[in-house]
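See below for the structure under consideration.
Nothing fancy with the numbering, it's 1 onward along the sequence.
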Amino acid sequence: MSQETPNQYTVLLYSDDAAVRDRIRLAIGPRPAADLRVEFADASTWEECRRLLDEYEIDLMMLDGEATPAGGIGIARQTKDEYLTPPPTCVVIARAADRWLAAYAQVDATLVAPLDPVETGRVVAGLLRARRDGAIPLGTLNTTTP
């Protein structure tokens with residue numbers, strides 16, 4: 001197998017707390033897998049998320065489920081509702097019991113804080129590879145043309 005240049009992706013990190021964004025960034029790292037390289041775009045408000053989604057090609061949204069006033073689960077749902085082709089979403093939650101709410105919001109994946117870098121890398125790599133291979137994120141409607 002030949003050594004290829006890693007695919008480059010942009011991951012949007014959302015939290016109202018810069019320290020939480022830094023912990024997520026550290027858990028993912030610049031290379032979550034040998035075939036993937038990521039750069040990060042930071043947002044601390046829903047308005048910043050929306051601006052980044054409008055202006056850049058975002059490949060994955062990593063959202064803080066505990067952020068205020070807009071939580072990551074709500075932003076994930078709003079993104080699915082407002083964008084024709086939203087990127088996949090992963091929400092970092094504080095309690096595993098909140099997975100039902102994330103599922104209701106059509107979140108593609110959840111991770112429980114504190115983040116395990118191995119599990120985080122596995123989930124992020126899976127979501128980015130699925131996007132590369134043409135998978136349609138949960139909750140995406142009307143993305144095919146007749």
Query raised in the report: Taking R21 for the side chain and S15 for the main chain, is one N or O donor matched with an acceptor at less than 3.5 Å?
Result: yes
**Report entry** Any side-chain heavy-atom pair of V112 and R95 under 4.5 Å
**Finding:** no
Report summary line: Closest non-hydrogen contact found for P32 with L36 is CD-O, 3.8 Å
Report task. Quick one: pull up CG in L13 and OG in S44 and give me the separation to the nearest 0.5 Å. Result -> 12.0 Å
**Report entry** Atom pair OH/CZ of Y104 and R77 - distance to nearest 0.5 Å
**Finding:** 5.5 Å
Report summary line: On a heavy-atom basis, the closest approach of Y14 and G72 is CE2-N, 4.3 Å
Query - Verdict with supporting geometry, D22 and R25, side-chain contact (heavy atoms from CB on, under 4.5 Å) - result: CA-CA 5 Å; D22 287 343; R25 183 185 346 268; 3.1 Å; yes
Query - Donor-acceptor contact below 3.5 Å, side chain R31 vs main chain A34 - result: yes
Query raised in the report: If you measure from the Lys or Arg side-chain nitrogens to the Asp or Glu carboxylate oxygens, is any gap between R23 and E66 under 4.0 Å?
Result: no
Query - Chi angles and distances behind the side-chain contact (heavy atoms from CB on, under 4.5 Å) call for L128, V38 - result: CA-CA 10 Å; L128 291 174; V38 297; 3.7 Å; yes
Query raised in the report: Which distance, rounded to the nearest 0.5 Å, do you find between the CD of E39 and the OG1 of T10?
Result: 3.5 Å
Query - Approximate separation, where rounding is to 0.5 Å, of C90 SG and L127 CG - result: 6.0 Å
Requested in this report: Group every Ile, Leu, Val, Met, Phe, Trp and Tyr by side-chain heavy-atom contacts under 4.5 Å, then state whether V92 and V124 land in the same group.
Outcome: yes
**Report entry** L12 CG to D42 CG distance, which is reported to the nearest 0.5 Å
**Finding:** 8.0 Å
Query raised in the report: Counting N and O atoms only, with roles assigned by atom type, does the side chain of D108 sit under 3.5 Å from a partner on the main chain of T89, one being a donor and the other an acceptor?
Result: yes
Query raised in the report: Is it the case that one hydrophobic cluster holds both V123 and I58, taking links as side-chain heavy atoms less than 4.5 Å apart, direct or via other members?
Result: no
Query - Working for side-chain contact (heavy atoms from CB on, under 4.5 Å), residues L53 and E82 - result: CA-CA 11 Å; L53 286 167; E82 292 185 12; over 6 Å; no
Requested in this report: Begin from the C-alpha positions of R51 and D54 and carry the test salt bridge (charged side-chain N to carboxylate O under 4.0 Å, His left out) through to its verdict.
Outcome: CA-CA 5 Å; R51 182 185 59 77; D54 290 343; over 6 Å; no
Query raised in the report: Can you hop from F40 to L115 via hydrophobic side chains spaced under 4.5 Å?
Result: yes
Report task. Spell out, yes or no, whether W46 and I73 are grouped together once hydrophobic residues are joined by side-chain heavy atoms under 4.5 Å, including indirect joins. Result -> yes
Query raised in the report: Less than 4.0 Å between a side-chain N and a carboxylate O, is that true for R50 and E47?
Result: no
Requested in this report: Identify the heavy atoms of V107 and A76 that sit nearest to each other, and give their distance.
Outcome: CG2-CB, 3.7 Å
Requested in this report: Without swapping roles, check the side chain of D98 against the backbone of I93 for a donor-acceptor pair under 3.5 Å.
Outcome: no
Report task. Mind checking side chain to side chain contact (heavy atoms under 4.5 Å, CB included) for D16 and listing every partner two or more places apart, or none if nothing turns up? Result -> D64, A67, T68
Query raised in the report: Same cluster for L26 and V91 if Ile/Leu/Val/Met/Phe/Trp/Tyr side chains link at under 4.5 Å?
Result: no
Query raised in the report: Could you give the distance from CZ (R132) to OH (Y9), rounded to the nearest 0.5 Å?
Result: 5.0 Å
Query - Shortest non-hydrogen contact between A33 and R129, atoms and distance - result: CB-NH2, 3.2 Å
Requested in this report: Taking all heavy atoms of T110 and all of A102, pick out the closest pair and write down the distance.
Outcome: CG2-CB, 3.5 Å
Report summary line: On a heavy-atom basis, the closest approach of P87 and R131 is CA-NH1, 3.6 Å
